[in-house]
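Step one of this worksheet: look at the structure below.
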Amino acid sequence: MNLTLYVWRQKGPKDAGRLVRYEAKDITPDMSFLEMLDVVNEGLVRNSDDPIAFDHDCREGICGMCALVINGIPQGPQKKTTICQLHMRHFKNGDTIYVEPLRARAFPVIRDLVVDRGSLDRIIQSGGYISTHTGGVPDGNAILVPKNDADKAMDAAECIGCGACVAACPNGSAMLFTAAKVTQLATLPQGRTEAARRVCVMTEEMLSQGFGNCGNHYECQAACPKGIKVQFIAKLNREFIKAKLT
Amino acid sequence: MVLDGKTPSGPLHEKWDKRKQEMKLVSPANKRKYRIIVVGTGLAGASAAATLGELGYNVEAFCFQDTPRRGHSIAAQGGINAAKNYPSDGDSIERLFMDTIKGGDFRAREANVYRLASVSGNIIDQAVAQGVPFARDYAGYLDNRSFGGAQVSRTFYARGQTGQQLLLGAYGSLMRQIRAGSVRLHPRTEMLDLVTVNGEAKGITVRDLVTGEVSSYAADAVCLATGGYTNVFNLSTNAAGSNVTAAYRAYKKGALFANPCFTQIHPTCIPVTGEHQSKLTLMSESLRNDGRVWVPKNKDDKRKASDIPEPERDYFLERKYPAFGNLAPRDIASRAAKEVCDEGRGVGPGGRGVYLDFANAIDRLGEGTIRERYGNLFEMYEQITAENAYHQPMRIYPAPHYTMGGLWVDYNLESTIPGLFVLGEANFSDHGANRLGASALMQGLADGYFIISYTIANYLARTTPGAVTSDHAEFLKSREDVACFTGKLLAINGKRTVNDFHRELGRLMWENVGMARSEASLKSALSLIPRLRAEFWENVKVTGTGSELNQQLEKAGRVADFLEFGELMAADALHRNESCGGHFRVEYEMPDGEAKRDDENFCYVAAWEYKGADKAPELHKEPLAFENVKLAVRSYK
Amino acid sequence: MLPTSSVGRKLVMAATGQLMVLFIILHVLGNATIYFGLLNAYAAHLHALPPLVWSFRLGLIILFSFHIFYGIALTLENNAAKPQSYVMRNDLSATFAGRNMVWTGAVIGSFLIYHLLHFTVQVTNPALAAAKHMDTLGRPDVVRMVIKSFQDLGIASVYLLSMTALWLHLSHGIQSSFQTWGLNSEQSLPIIKRAGAFAAIVLFLAYIAVPVLIAMKIVR
């Protein structure tokens, strides 16, 4: 099939950037979206043009490195699917596709579709962990975790840190990302000790990294390729209230 | 040169304790004076950087990804082994040790494997304390599942994302140290050279992937945790960015490369659909418990699977290995699939695939049971292929997915360059010629959490902190070399793309140095690779400049290294006149298709020394002594 | 004392919002007295208790002030966090109402000022002021003022449009406030979302009933 692409091209952080039209020819339905971009790029290189820069790594939907906005939807139109697992069979011959980078103040564009998501790391750095030391920990079975809690923590822990939630949020908020980590650790007995401090410092860091506030639009949940739920944001809010009351 | 693995003397179970006693320590007040470089932030790198940072060292952590949470350890699905014996089913450190040695086809160092087994339990405790949400039973205890190559249930898991959860645990610890200031993080930074001063590793030269700036970092010791080299095959289950560059450039600086031909092929991956393919996706091997593997009896049979009548189907695994049938070991099943496809009987686009048919199982057990057992795998298969495996057979094909070979290290994880330590998949140490399922995560974390902190202190205690700075002539030369290398790549301006070369190299390696190797195929590889490499340096096209984010340039450097490394792999495979584990030479086969080992002549680690650009590498041997296990024919019957 | 954190300020938004919802429920019940001919009596009773009225008014002023202040502050922050929009925008779950809270809020705020000038201070249409026209029992004739006002289609449509803004504001705001308080689970969220939207419609209909029925000359 043949497609028309409008791809955001931006030389660097200071460049204004613009959409550039490309024709993607002879695309097969079995290609992933990234493989389609590979094909376009090889054509560009052969013509001595600069290929489109985009982040990608594992190409099996788990590393979280790839994340683009396709036709206004971060991680593309397929629900609970990352771009690398989005196959071209979901598009039709002759389709026009807009490809833009994840947009948020906290995600400055580095080049084309590549953005800097270091701000998410810094949210984790502020307290998104349990302060263990290597060695000197109790036996794994010394800490019993009810199965339901373990399952809930795992639901939250599935976040791949791709930033689609931020890009989808009208407010550029990282609340879903932050809430997923807060929920994972607050649900496990190991994480309770630091729970109060964690929720406060992480939400504070979120603001100082330039993310917006949650507007309860739930756009994040709709875009999340891993099905992380906004109930975790409610859980974060409860943890916050609890922290302030005790 | 006969290599000394520096294994401690004494009984097996006392060796590690003994070594810990012997080794020198660095006092708490002195630790902050030492700077350690850790390259790679997968399981091994992240756990090492976090642990060393917490101990008080100054750590510089590097990764080419945008954040340390993306190392390819994250893709490991199944689980992590540990000899906890929670289910009381007879597991023990000894049994895990035995299973790993046997699984590795007796080509690993006994003492290393024993140490790995003995710290395995600590890894689980550590991960639990970090908040890794392992599966639990209803009473709240840790749950175990069984895995291939073992008769006990010792695999801990977090749904199908164990690697992800363990990596995020290590990443959390690393983030904590970054905030504490003990670790400095350098994301989107690629190591392009190891710098040695007076024969010792004292730093690295890197390229900032955003600005293109080439700079150097000096340190008192360097740890490489840069993963495996499976992408030499181009198509593999590894991440697109996984590469051999860091390890290979250390090899060029004098570190020996051990057993490069030991690569593992996984039998149940989703087949290639076309030239554009960038990645192969692995599906759990458990599918073979209920699926039947077959191809049409006739060549070039283009009919739909359902239109091929029973008598015209060849259930080749059941036919060739009646005792094991569809559950034949990984390597045997993989090779058999390749054979039938070579005969022209493969199915699907390109004819590189065999059917894995669940029709019988669905008739016997009902679709519900199959959905319960493999629902998520069927979904994943449908997402990628758009085929419903409940109604038509799956198509599968083997794919490379792990490399047991790597930089040679002694018992202390130190390479032949003093001060250069190698961790995780990047070293060769623990898996011999074949790795058991759920053991990769175990090894990466054992190295990073529980071993490197002791052994690196032993080295550091003998050095003066901060003895060398990056103004040293060796650093200057290294930066010039790197700049010259990238400049050369950019100047060629030929006609073929980097991916084009990678595809051709991959095909060549897969055909000749893949899962079934022969003297002829290896010799052919050894003549074809240099030709392809020569063409690469004349005809590759890399656009853009070196002073910007340039993904083509990054990839070109990696492919350039693969084009040299492939030759080393083929040379190692050619020299090893035996079959063992993942290395299968068609000349050395038992009547039942199992690998025919030659313990008399090849019971050693083959470690190769770089001798210069156009010179053959020199082989060094580390004899393997088995004092505690008896060498036996590997058999899973 | 004043919250500076993201969640803290949103909790203020949720708390003040919910209290104001309670107020508008009370207010609409008060409105309903007009159907039973009790509006003048209701108004007279209220004004017979100045301390109650004034403490109520003070409370409302505080609620409004906080709600408006943090609403604007959060919105400015949110807009700054998303400086560039997509060329091709595609909402999956966000609604027009949710995205335009600050604008519907501004309409409601402006309306509020007008509404106070109209019916409380009674300066916009001095001819209709209840304070100047007593009913037969000597009470200020609020009913006359209301009916005469809404017979003016211009005034009626200002009220209608403003109540539309209120409806939009509440259709996002009610469910949102529950989420902010953390009173949501996977089961309850869809219910709360629907209940919030339903309550917003009910309040909207209840509020526009008076002007619409008057304008249509059903209530005279």
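Nothing here was measured: the structure is a model prediction, and the numbers come from that model. Here is the naming used below: chain letters follow the sequence lines, and residue numbers restart at 1 for every chain.
Atom CZ of C:Phe69 has 12 or fewer neighbouring heavy atoms from other residues, nucleotides or ligands inside a 6.0 Å radius. Other residues, nucleotides and ligands place no more than 12 heavy atoms under 6.0 Å from the CH2 atom of C:Trp167. Taking a 6.0 Å sphere around OH of C:Tyr114, one finds it holds more than 12 heavy atoms contributed by other residues, nucleotides or ligands. Atom NE2 of A:His90 has more than 12 neighbouring heavy atoms from other residues, nucleotides or ligands inside a 6.0 Å radius. Remark: C:Phe198 CZ is loosely packed, at most 12 non-hydrogen atoms of other residues, nucleotides or ligands lying under 6.0 Å away.
The distance from the CG atom of A:Leu207 to the OG1 atom of C:Thr4 is 8.5 Å, given to the nearest 0.5 Å. C:Ser5 contributes atom OG, which lies 9.5 Å from atom CE of A:Met206 (distance to the nearest 0.5 angstrom). The NZ atom of A:Lys244 sits 10.5 Å away from the CG atom of C:Leu11 when rounded to the nearest 0.5 Å. Here CG of C:Leu92 is found 11.0 Å from CD of A:Gln221. Values are rounded to the nearest 0.5 Å. Taken from CE in C:Met101 to CG in A:Asn216, the straight-line distance is 9.5 Å, to the nearest 0.5 Å. To the nearest 0.5 angstrom, A:Asn213 atom CG is 12.0 Å from C:Tyr70 atom OH.
For the pair A:Glu100 (side chain) and C:Met88 (backbone), a donor-acceptor distance under 3.5 Å is present. Counting only distance, with no hydrogens or angles, the side chain of C:Lys82 and the backbone of A:Ser173 share no donor-acceptor pair below 3.5 Å. Under the 3.5 Å distance criterion, the side-chain polar atoms of C:Tyr86 are matched with a main-chain donor or acceptor of A:Ala167. Put simply, the side chain of C:Lys10 gets close to the backbone of A:Cys214: a donor and an acceptor are under 3.5 Å apart.
In the model, C:Asn90 has no side-chain atom that pairs as donor or acceptor with a side-chain atom of A:Asn71 under 3.5 Å. Side-chain N/O atoms of A:Asn237 and C:Thr180 include no donor and acceptor closer than 3.5 Å.
With a threshold of 4.5 angstrom between heavy atoms, A:Pro77 does not approach chain C through any atom at all. For chain A, the nearby part of C:Ser85 is the backbone; its heavy atoms alone come within less than 4.5 Å.
When each of A:Arg103, A:Arg238, A:Gln231 is checked for heavy-atom pairs under 4.5 Å with chain C, A:Arg103 comes out on top. Of the listed residues A:Phe211, A:Phe232, A:Tyr98, the one with more heavy-atom pairs under 4.5 angstrom with chain C than any other is A:Tyr98. Chain C forms more heavy-atom pairs under 4.5 Å with one residue of A:Glu239, A:Lys229, A:Glu204 than with any other, namely A:Lys229. Taking chain C as the reference chain and counting heavy-atom pairs below 4.5 Å, the highest number among A:Val166, A:Ile233, A:Ile241, A:Ile70 is found for A:Ile241. Ranked by heavy-atom pairs shorter than 4.5 Å toward chain A, the options C:Glu186, C:Arg99, C:Arg9 are led by C:Glu186.
Within the structure, salt bridge (Lys or Arg N to Asp or Glu O under 4.0 Å) contacts touching residues 109-121 of chain C (residues at least two apart or in different chains) do not occur.
Contact record, A:Gly212 with C:Ala81: N-CB, 3.3 Å, taken as the closest heavy-atom pair.
Within the 4.5 Å cutoff, side-chain heavy atoms of C:Gln179 are placed close to those of A:Tyr218. A heavy-atom distance below 4.5 Å is not found between the side chains of A:His217 and C:Ser93.
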